[in-house]
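Some notes on the structure that comes next.
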Amino acid sequence: MGAPPTGRQHGLAPPAAQRHSAPMHDIRLIRDNPQSFDAGLACRGLEPLSAQIIAADAALRALQTDIQASLARRNEASKLIGQAMAQGDKDKAEALKAEVADLKTALPAKEDAERVQLAALQDMLAALPNLPAADVPKGDDEDGNVEISRWGTPRRFDFAPQEHADFAPALGLDFETAAKMSGARFAFLKGQMARLERAIGQFMIDRQTAEAGYTECATPLMVRDEAAYGTTQLPKFREDLFQTTDGRWLISTSEMSLTNAVREEILSEADLPIRMTALTPCFRSEAGSAGRDTRGYIRQHQFWKVELVSIVRPEDSDAELERKTRSAEKILEALELPYRKMLLCSGDMGFSARKTYDLEVWLPGQNAYREISSCSTCGDFQARRMNSRFRREGSKSNEFVHTLNGSGLAVGRTLVAILENYQQADGSVDIPAALLPYMGGITKLTP
RNA sequence: GGAGAGUUGGCUGAGUGGUCGAAAGCGUCGCACUCGAAAUGCGAAGUGCCGGCAACGGUACCGAGGGUUCGAAUCCCUCACUCUCCUCCA
């Protein structure tokens, strides 16, 4: 017990940043278009960095050139030594050995300098988020998001609708029992409530596999450093994750385990698109959100989610984002939950996203729309980190794939939405018609 | 948990400390033959980085990281992973 939770001491791989030299931004693009790179950063609310990056890159290349010249001479001399030995010219061989020895004494310092410079450049790049797509609205925060559409009409209540946190405990959503054993941000579901949550998950994954063409997957819930790095939970957001005693990370979303299925892979074009879905628990420390949504079931350390991941050719990723978002929308429509579709502005998007739609479900108890799904295209951003490529028909060279992810949907928040939208004056909750086949005869949650 | 065997290019799979970026086969591409295709024959072809307008040259890469050596795919160490057997377990 109590061993420090670092991977190294437990025999796991060293931190991914040390193992992977794959850049997350294409340095050549930055070199060629520094102004547009800085413009992209500005959209993210970041200071221009291209000058600094280009300087670091130039310094690195100067070091590399110097080192390569030394190595070239060493290799040349080594070959000559071999020849001299073969001819029995010992004096010549010894002279050459002395020359190589001189080169070698100078090399380590140069190589150290190169390593330092490379690490500096990579740290700089690894900390930078993906750049927004051209059609992403500019904005600093959620106020800059653009509403694209609304579906459904919020129900008219002939009584004052309550927040789920107020009436759901009577129906089996028990926070106090969970708190006894686990603390805040956990819930203990009982009876009909547990059944309803399970029904929601089953229903959603059935729809995504049967109708939207996603392949059902059951994935590990713990991953290593490299995987967390690949989908960009590392290195920047390590405080958002739970870590096991042997140094692995609990997934905060099955985006981590699904997307990393293609890490280090060279796919053939015929394999694409790959569409995967999984119903898994997700674990989040919620380190940065102390005090927010502390009441109710909206923001938990542990929740179920159906995730939708796509691996596609670059030219297909825009269309795939629309398709994926639609797959999520259909769940809300099937459950007859009113929602709106938001296009996130540059400042509100996640780290790895190029473009994101959020679906926000209507919560009458809160009198507000709340996020229930987030669908993003990451372009090649994650693929670069994972080194996930594909080979086109008849082509010899490999290209990075594009990756997309989205929730279809978050189960816990869907439960909340059903509770609040289907609540009745007597404190009961009707079951949406689409879920009845999954409810084992239960048609209503009753106190 | 214990013992052993492995990790080489798009894939399968050889590989002696220097002539190994690496045999061979498959697959890919080009050409020939063909009305066309198949079969056959001949030929081409790894990736990143650096320099160069380019031709091209240099450098690194044989799981990862160190080490030995004038020189490492090859020898040594550490780690990760895969497989087989034993043990244990839902």
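Computation of the quantities below employed the complete heavy-atom set of this structure, encompassing side-chain atoms and omitting hydrogens, waters and symmetry-equivalent molecules.
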Has A:Arg385 got its NZ or CZ under 6.0 Å from the middle of the six-membered ring of A:Tyr229, at an angle within 45 degrees of the ring axis?
yes
Does B:G27 pair with anything, Watson-Crick or G-U wobble, both distances under 3.5 Å, and if so, with which nucleotide?
none
Euclidean distance for P, B:A54 against B:C49 (whole angstrom):
14 Å
Check the pair A:Arg61 / A:Asp57 against salt bridge (charged side-chain N to carboxylate O under 4.0 Å, His left out), numbers first and verdict last.
CA-CA 6 Å; A:Arg61 280 151 60 206; A:Asp57 177 54; 2.9 Å; yes
Mind checking who B:A90 pairs with, Watson-Crick or G-U wobble, both distances under 3.5 Å?
none
Please give, in whole Å, the distance from B:G65 C1' to A:Asp225 CG?
15 Å
We want to know whether A:Asp271 and A:Ser268 form a side-chain donor-acceptor pair, criterion being a heavy-atom distance below 3.5 angstrom.
yes
B:G51 C1' sits how many Å from A:Leu63 CG, rounded?
15 Å
Could you tell me which nucleotide pairs with B:U40 by Watson-Crick or G-U wobble geometry, both distances under 3.5 Å, or answer none if nothing does?
B:A32
B:A60, OP1 or OP2 - any side-chain N/O from A:Asn75 closer than 4.0 Å?
yes
Distance check, C1' atoms only: B:G71 and B:U59, in whole angstrom units.
16 Å
Any strand: nucleotide that pairs with B:C83 via Watson-Crick or wobble, under 3.5 Å
B:G4
Length of the line joining A:Asp112:CG and B:G66:C1', which is rounded to integer Å:
13 Å
In whole Å, I'd like the distance from the CG atom of A:Leu107 to the P atom of B:G71.
10 Å
Paired with B:U69 by Watson-Crick or G-U wobble geometry, both distances under 3.5 Å: which nucleotide is it?
none
Euclidean distance, atom CZ of residue A:Arg28 to atom P of B:U47 [Å, nearest integer]:
13 Å
Considering residues, nucleotides and ligands other than A:Asp140, do more than 12 of their heavy atoms fall under 6.0 Å from its CG?
no
Pairwise P distance for B:G2 and B:G58, with rounding to whole Å
49 Å
With the threshold set at 4.0 Å, does a side-chain nitrogen-carboxylate oxygen contact exist between A:Lys355 and A:Asp135?
yes
Could you state the atom-to-atom distance from CD of A:Gln68 to C1' of B:A60 in whole Å?
7 Å
I want to confirm an ordering. Mapping A:Arg389 and A:Thr65 to their closest nucleotides on RNA chain B, which one lands closer to the 5' end?
A:Arg389
Please state the C1' separation for the pair B:G46 and B:C11 - nearest whole angstrom.
13 Å
Distance below 4.0 Å between A:Arg224 side-chain N/O and B:C81 OP1 or OP2:
yes
Looking only at side-chain N and O atoms, does A:Glu307 offer a donor or acceptor that is under 3.5 Å from a partner on A:Gln208?
no
Of A:Arg61 and A:Ala101, the one whose closest nucleotide on RNA chain B sits nearer the 5' end is A:Arg61
When you compare B:G21 with B:C61, how far apart are their C1' atoms, in angstrom units rounded to a whole number?
9 Å
For B:A90 and B:U84, measure between their P atoms and round to the nearest Å.
22 Å
Rounded distance in Å between the C1' positions of B:C83 and B:G17:
30 Å
Heteroatom pairs (N/O) under 3.5 angstrom, protein to nucleotides 6-13 of chain B:
residue, atom, partner, partner atom, Å
B:G10, O4', A:Arg391, NH2, 3.3

Watson-Crick or G-U wobble partner for B:A60, using a 3.5 Å limit on both distances?
B:U47
Distance alone, cut at 3.5 Å: any donor-acceptor contact between the side chains of A:Asn398 and A:Arg391?
yes
Nearest whole Å is fine: how far is B:G48 P from A:Arg384 CZ?
12 Å
Where the side chain of A:Val100 is defined as all heavy atoms beyond and including C-beta, which of B:C70, B:G66, B:C81 is the nearest nucleotide?
B:C70
I need the CD-P distance between A:Gln117 and B:C50, as an integer number of Å.
14 Å
Tell me what A:Ala72 touches on the nucleic acid: a base, only sugar-phosphate, or nothing, going by heavy atoms under 4.0 Å.
sugar-phosphate
Distance-only side-chain donor-acceptor flag, A:Ser388 / A:Glu265, under 3.5 Å:
no
Using the C1' atom on both, measure B:A14 against B:U68 and round to a whole Å.
26 Å
Under 3.5 Å, is there a donor on one side chain and an acceptor on the other for A:Thr403 and A:Gln382?
yes
